[in-house]
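Notes follow once the structure below has been shown.
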Amino acid sequence: MEFRSDTFTLPTPEMRDAMFSAQVGDDVFQEDVSINALQEYSAALFGFEAALFCPSGTMTNQIAINVHTRPGDEVICEEGSHVYFYEGGGIAKNSGSQVRLIAGDRGRITAEQIEACINPDDPHKARTRLVSLENTCNRGGGSCYNLSEINRIKTLCETHDLSLHLDGARLMNALIYYSQQDGRPWQEHAKEWGKPFDSISICLSKGLGAPVGSILLGSREFIHQARRVRKVMGGGMRQAGFLAAAAHFALEHQVNRLQEDHNHALLLEKTLLQCSFVQSIMPVETNIVIFELNPEINPPQFIQFMNQNGIKLSSMGGSKIRLVTHLNVSPSEIQQACEILLQFK
Ligand SMILES: *Cc1c(COP(=O)(O)O)cnc(C)c1O
């Protein structure tokens with residue numbers, strides 16, 4: 001049972017069929033019809049003018065940061081955010097920008113916190129240029145922002161002439177969460193989430209189940225610049241329409257099923273609440289469960305016990321453990337996993 005990440009998801013037979021029959025061309029010449037179709041479809045979902053298909057979410061984030069900033073600028077983000085924590089120092093290396101880090105509430109930061117970090121127009125200070133948010137927050141245990149907070153942040157960014165980027169690696173999970181909360185279709189939420197951001201990056205290869213790829217959304221001019229940066233970073237692919245066809249299939253057929261993953265994560269949370277070896281659990285909102293072991297439990301020993309019982313999971317450092325649910329964990333496997341968790345002493 002694979003709980004390390006939703007990046008382990010495999011293409012379904014129907015997705016493989018879609019890939020097999022995809023029409024392709026040279027995308028560096030913008031002549032791959034499957035990639036063009038995916039880009040148009042995803043831009044329209046969120047009400048953006050244009051989109052760019054890229055090999056990874058790290059690349060879409062790094063391209064966006066590169067287009068929004070100049071060397072010496074400052075990027076405001078949360079201290080556990082992927083763009084800072086998991087992208088190999090890419091902000092400094094690719095764009096020569098520095099970060100201003102904020103400690104958030106399960107990864108989420110507020111307009112007030114951001115406002116306090118905006119530098120004055122003073123030669124001693126770096127030029128604040130970009131705010132980068134994450135939704136859902138990976139290290140925040142899959143937590144979701146409220147759109148009302150995002151809109152307050154957007155107003156602040158407009159006042160200070162800052163760009164606003166969203167690392168929406170798992171944005172589709174968040175949309176399903178909002179949809180579950182208020183009963184409106186996720187497509188309506190998608191339109192609303194497209195409005196406040198200058199750019200959004202979405203992973204197609206996580207819970208959505210496509211084998212490879214992320215999509216970057218923005219204005220026509222922004223995507224024109226992004227295409228140039230993608231080429232420089234070595235991300236200009238040729239007949240990658242086979243991959244785009246998989247991603248397109250995922251967006252059309254595998255978004256609503258994310259609710260199952262969320263239900264599974266809630267079942268894991270419910271079980272963990274009964275386990276005496278658990279110190280605390282981050283409230284579960286989507287498909288990520290992060291919990292802390294009691295101080296007397298040896299984390300490697302816990303992980304070994306789980307591995308020996310067929311459960312792969314990951315350490316988040318120290319005594320923090322992460323479980324991620326996805327389309328390749330079945331309801332019966334969730335039940336099994338819960339039973340095994342209850343067995344650990
Ligand atoms: C997975 C992830 C990414 C992108 O990762 P890649 O492996 O490069 O596709 C970006 N942001 C967050 C929050 C992620 O979880």
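Indexing begins at 1, ligand by ligand and atom by atom, following the structure's order.
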Contact between Phe53 and Asp32 at the side-chain level, heavy atoms closer than 4.5 Å - yes or no? no
Within the 4.0 Å heavy-atom shell around Ser56, which atoms of ligand 1 are there? 8 (O), 9 (O)
Can you list, pair by pair, the side-chain donor-acceptor contacts under 3.5 Å of residues 242-254, counting residues two or more places apart and other chains?
residue	atom	partner	partner atom	Å
Gln254	OE1	Thr12	OG1	3.4
Gln254	NE2	Leu208	O	2.7

Return yes when Arg170 approaches ligand 1 closer than 4.0 angstrom through a heavy atom, no otherwise. yes
Answer whether the closest heavy-atom distance between the side chains of Leu217 and Ser199 falls below 4.5 Å. no
Would you mind listing which atoms of ligand 1 come within a distance below 4.0 Å of any non-hydrogen atom of Glu134? 13 (C)
Specify side chain, backbone, both or neither for Ser81, according to which of its non-hydrogen atoms lie closer than 4.0 Å to ligand 1. neither
Between Val83 and ligand 1, which residue portion shows a heavy-atom distance shorter than 4.0 Å: side chain, backbone, both, or neither? neither
Protein heavy-atom partner closest to atom 3 (C) of ligand 1 - residue, atom, separation in Å: Lys206 NZ, 3.1 Å
Among all protein heavy atoms, pick out the one at the shortest distance from atom 7 (O) of ligand 1; state its residue, atom name and that distance to 0.1 Å. Thr58 OG1, 4.5 Å
How far is atom 9 (O) of ligand 1 from its nearest protein heavy atom, and which residue and atom is that? Gly57 N, 2.8 Å
For His262, run the side chain to side chain donor-acceptor pair (under 3.5 Å) check against Asn173, Asn287, Thr286 and tell me which one passes. Asn173
Mind telling me whether Tyr178 and Trp193 have parallel, tilted or perpendicular rings, with 30° and 60° as the class edges? parallel
Is the gap between the ring centers of Phe3 and His326 under 6.0 Å? no
